[in-house]
Amino acid sequence: KGYVFVSQKEFTTVDKLKGMELLFQAKFEGEDQLYLVGIVPYETLCENSIYVMQAGGEKKLMEEDTKKLQAAMKSLTP
């Protein structure tokens, strides 16, 4: 039951921030679903934030769009 961890990998945004991409899988109403999460910590002298980006949906559709979603996560500019 619930989400199953599939993979984890690091990425770098266009502003040279280090992030982590996490991929999970689950079944919803008998259909395989994927859930992609991007986490980017952002620390400056004035601000400490964590940016979280997420996308989820039917496995087939998510697999088709994974590269676009990864590109969107890498385009983060706080």
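On a predicted model such as this, the values are computed, not experimentally measured, just so you know.
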For G2 and A26, the nearest pair of non-hydrogen atoms, with its separation, is O-CB, 3.7 Å

For D32 and Q25: C-alpha separation, side-chain torsions, deciding distance, then whether side chain to side chain contact (heavy atoms under 4.5 Å, CB included) applies. CA-CA 7 Å; D32 286 331; Q25 184 170 334; 3.7 Å; yes

Hey, are the side chains of [X] and [Y] touching, using non-hydrogen atoms and a 4.5 Å cut-off?
X: V14; Y: T77; answer: yes
X: F24; Y: L34; answer: no
X: S75; Y: T13; answer: no
X: M62; Y: L23; answer: no
X: K9; Y: Q70; answer: yes
X: K18; Y: V40; answer: no
X: I50; Y: Y42; answer: no
X: L36; Y: M73; answer: yes

Aromatic plane relationship, Y3 with Y35 - under 30° parallel, 30 to 60° tilted, over 60° perpendicular: tilted

Around atom CD of E10, are there more than 12 heavy atoms of other residues, nucleotides or ligands at under 6.0 Å? no

Just checking F28: does its CZ atom have more than 12 heavy atoms from other residues, nucleotides or ligands closer to it than 6.0 angstrom? no

Residue pair E58 / Q33, side-chain donor-acceptor N/O under 3.5 Å: no

Verify, without hydrogens or angle tests, whether T12 (side chain) and K16 (backbone) share a donor-acceptor contact under 3.5 angstrom. no

From E21 atom CD to Q8 atom CD, the distance as rounded to the nearest 0.5 Å: 10.0 Å

Roughly how far apart are Q54 CD and L69 CG, rounded to 0.5 Å? 11.5 Å

Could you go step by step and tell me if K59 and L61 meet the side chain to side chain contact (heavy atoms under 4.5 Å, CB included) rule? CA-CA 6 Å; K59 184 177 180 179; L61 297 175; over 6 Å; no

Just to verify, what does P41 make a side chain to side chain contact (heavy atoms under 4.5 Å, CB included) with, not counting sequence neighbours? none

